[in-house]
Structure formats: C-alpha cells, structure tokens
Amino acid sequence: MLLDDLDFTPLTDPVDPASVRACAVANGDRPETDFAVGGCVVTGLAVLFFGFFSVFFGMMSGGFLTVGGLVPAGIGVAVVVFFLISSGKGGKHGRETSYRIMRFATVNGMGFRKKIPDPGGTGTIFGVGISRTSSDVVTMDSPREIEVGQHAYYAGYRNGEGRRWSYATTPLDAKLPHLIVMTRATKGRPSLPGSGTTPGNPELHGPGAEAFRVFGPIGRAKEIQALLDRTVFAPDLLPRLVERPLDIELVDGRLYLYSGTPLSTANPDIWRWILPLVTDLAERLET
C-alpha cells in the first residue's frame, strides 16, 4: 500500500469500550486487577501516613480526636480518591490509544504487536538497561519495510529510573559508517544513550551541524560531512528532521529515528510526518 493511500480514520473514529477492554485482556492486560491492587496499596499507605498525623494532632489537642485531628484523615481520603480517578482515566486512555493503533494497522494491512519483551534491536536504545520492552509496535512491508513503536527500560536496576523512547526504523541497502546524529534541541527530553559507542566527534560545519551533534568514526570527518550534506543535512530534508526533536542512528545496515515523544500514536499527523520521512531519508542514504 502506498503511503498516500493509508486510512487514518481508525485513529480518530469513536471506539466501543467493550472492544477496547477485550483487546487489552487479549494482550495480557488486567485492567480491573491492576486498578484494584494499586488502589489497595495507595489506600493502605494513605491510612498509615495520615492516620499517624491524625493521632498526633489528637494528642496535641489533649488526647481527644478533634475536628483539627480529622483534617489529615480527610486529606488522605481526598488523595486516595484523586489517585484512583486519575489512574482509571490514565489506564483507559492508554488502552484506547493501543486499540486505535491496532485498528489502524489492521485496516491498512500492517502488523501490530502490543508488547515485545527484550526485542533485541541493534539501535543504541535497545542494548541498555534492564526489563526492556517494546510496545504498540506497527510494522509495514511496502512501499518499504518500516517498524514504528515505543521502547522502555529501567536504567541499571529494576527500581531505577524508567526511560521511554519512541522509534522508527528501516533496513538500508547501503554500507554506511556507524553514526549517531543527536539533536541539539534537548530541552525537556532525555539524552540519547550510547553516543560513547562511536569513538569520534567529528567537527562538522553548516546548518546541519548547528542543529545536530554527530558521533562517528575517528579520522573520517570529510567523508561524514559529505554523506550528511547530501542526506540528513540536505536543504529539503533538514527542516523536516528539526520539525520535531529527533535523534538519528545508522548502525548495522539500519536507519533509526528516535523521539522522546510517541511516534506510534493515535495522532494521524505524526504518522503522516514520520512514515514519509523515514522513507525519503532511507532512499537518500541508499543513493
């Protein structure tokens, strides 16, 4: 299917809540169980924490449970209610988004996988951290092979900081050096891991070098400059790459585009932007 022929209506059409829930259950989610467990944990912590302060205020009031002593308990109840309502809305929104993406993929003859544990991609985001999982993964075969999804992992240990990236990738019919091209627009987004896997930081020039930092092989600055000038830094591609903050990696015969915000999403404008961009950049790199 040509990109111009894609049907984006499943991303925005109304959805049946029962179908959304059934899809979530079929993919291993447990909406009611997770919600109940989370509610019990938060309720228990709130009771212990705010109950302590209620007793404390009661003792300060002469050992009697006064209205002032009940204030912390009231705050605790409000916190629990707010958490449960927010969690329910957040979980529902996430399930609806995944369902819309699944429908979008199905209607357009694409593949979809809700979760892929330890996916083992060659890009730099796939080889770090633990508990690595990709989700909402959409794959297409034509006009070229493209995969778009989210990827999450914990930095170093299970209770460590969680990191989330979104990616789009396609194989390249070209032998190219391992390059990481990192956006300088880093405000409000994490830094891409793995720049240390490429030993050099070649000194480049031009508008592209003002928008991106480049990591690549040592002693090949002229070659890298020429490669990027006719591809990533080309006047017709560079504005599309800086339209939204992206990092780029060329590794093991693949092109990866990384984003700190979702690329596999229910927003049709993101799909209309990322799919042609991956295709056009890959074709330029193969020329």
Side-chain angles (χ1 to χ4, degrees), residues 3 121-128 144 146-151 155 163-265 267 269-287:
L3 296 181
T122 57
T124 186
I125 66 171
F126 297 99
V128 294
R144 69 178 298 128
I146 296 177
E147 177 178 309
V148 182
Q150 327 292 359
H151 184 71
R163 302 287 176 83
R164 292 186 64 86
W165 287 92
S166 197
Y167 68 93
T169 180
T170 186
L172 294 172
D173 186 17
K175 186 176 181 179
L176 300 169
H178 184 193
L179 295 178
I180 294 179
V181 184
M182 296 176 60
T183 179
R184 295 186 185 273
T186 57
K187 184 178 180 180
R189 69 192 299 268
S191 297
L192 184 71
S195 60
T197 59
T198 54
N201 181 203
E203 183 178 352
L204 306 181
H205 307 280
E210 296 172 3
F212 293 96
R213 293 176 294 156
V214 179
F215 299 87
I218 295 174
R220 300 172 65 178
K222 290 184 178 180
E223 176 188 345
I224 293 171
Q225 178 86 62
L227 169 64
L228 296 179
D229 280 347
R230 72 171 187 268
T231 56
V232 178
F233 297 166
D236 59 328
L237 285 177
L238 184 59
R240 297 165 61 189
L241 288 165
V242 300
E243 181 179 342
R244 297 176 174 89
L246 282 175
D247 297 319
I248 304 159
E249 183 175 20
L250 308 178
V251 58
D252 293 338
R254 295 195 72 91
L255 164 67
Y256 286 91
L257 300 183
Y258 305 118
S259 172
T261 56
L263 296 177
S264 181
T265 170
N267 183 347
D269 291 337
I270 297 295
W271 289 101
R272 292 189 179 101
W273 167 69
I274 193 63
L275 293 178
L277 181 59
V278 172
T279 301
D280 294 346
L281 181 54
E283 290 176 352
R284 190 70 59 87
L285 288 164
E286 291 173 336
T287 301

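Keep in mind it's a predicted model, so treat the numbers as computed, not measured.
Counting non-hydrogen atoms of other residues, nucleotides and ligands closer than 6.0 Å to CG of D173 gives a total of 12 or fewer. For E203, the CD atom sits in a loose shell: 12 or fewer heavy atoms of surrounding residues, nucleotides or ligands are nearer than 6.0 Å.
Between S166 and S264, the shortest heavy-atom contact is OG-N, 3.7 Å. Scanning both residues, L250 and H178, for their nearest heavy atoms gives O-CD2, 3.0 Å.
Separating the CG atom in L241 from the OG1 atom in T183 is a distance of 9.5 Å, to the nearest 0.5 Å. Distance OG1/T231 to CG/L285: 4.5 Å, rounded to 0.5 Å. For the atom pair CZ of R272 and CG of L3, the computed distance is 12.0 Å after rounding to the nearest 0.5 Å. In this structure, the separation between CG on L176 and CD on E286 is 9.0 Å, given to the nearest 0.5 Å. In this structure, the separation between OG on S259 and OH on Y167 is 13.5 Å, given to the nearest 0.5 Å. Atom CZ in F233 sits 10.0 Å away from atom CD in E210 (nearest 0.5 Å).
Judged purely by atom type and a 3.5 angstrom limit, D247 has no side-chain atom pairing as donor or acceptor with the backbone of L257. At least one donor-acceptor pair closer than 3.5 Å links the side chain of R184 to the backbone N or O of A209. Between the side chain of T124 and the backbone N or O of P193, at least one donor-acceptor pair lies under 3.5 Å. Between the Q150 side chain and the P262 main chain, no donor and acceptor come within less than 3.5 Å of each other. Side chain of E249 to backbone of G123: no donor-acceptor contact under 3.5 angstrom is found.
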_Using side chain to side chain contact (heavy atoms under 4.5 Å, CB included), reason through R284 and D236 one step at a time and then give a plain yes or no._
CA-CA 11 Å; R284 190 70 59 87; D236 59 328; 2.7 Å; yes

*Using the side chain to side chain contact (heavy atoms under 4.5 Å, CB included) rule, take F212 and L204 through it: C-alpha gap first, then chi angles, then the decisive distance, then the call.*
CA-CA 10 Å; F212 293 96; L204 306 181; over 6 Å; no

*Is there a side chain to side chain contact (heavy atoms under 4.5 Å, CB included) between V232 and V214 once you walk through the steps?*
CA-CA 11 Å; V232 178; V214 179; over 6 Å; no

Can you give the donor-acceptor pairs under 3.5 Å from side chains of residues 273-280 to other protein atoms, not counting sequence neighbours?
from: W273; atom 1: NE1; to: R240; atom 2: O; distance (Å): 3.1
from: T279; atom 1: OG1; to: L275; atom 2: O; distance (Å): 3.0
from: D280; atom 1: OD2; to: R240; atom 2: NH1; distance (Å): 3.0
from: D280; atom 1: OD2; to: R240; atom 2: NH2; distance (Å): 3.0

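Aromatic ring pairs are classed by plane angle as parallel below 30°, tilted from 30° to 60° and perpendicular above 60°; the pair F126 and H151 is tilted.
With 3.5 Å as the limit, one finds a donor-acceptor pair spanning the side chains of T170 and R144.
Considering only heavy atoms from C-beta on, F215 stays 4.5 Å or farther from P202 through its side chain. Taking 4.5 Å as the limit, some side-chain heavy atom of I224 sits within range of a side-chain heavy atom of P217.
With respect to the salt-bridge test (charged N to carboxylate O, under 4.0 angstrom), the residues D269 and R244 do not qualify.
Listed by chain and number, the residues in a ring-ring contact (aromatic ring centres under 6.0 Å, His included) with Y258 are Y256 (sequence neighbours excluded). Under the salt bridge (Lys or Arg N to Asp or Glu O under 4.0 Å) criterion, R230 pairs with no residue, sequence neighbours left out.
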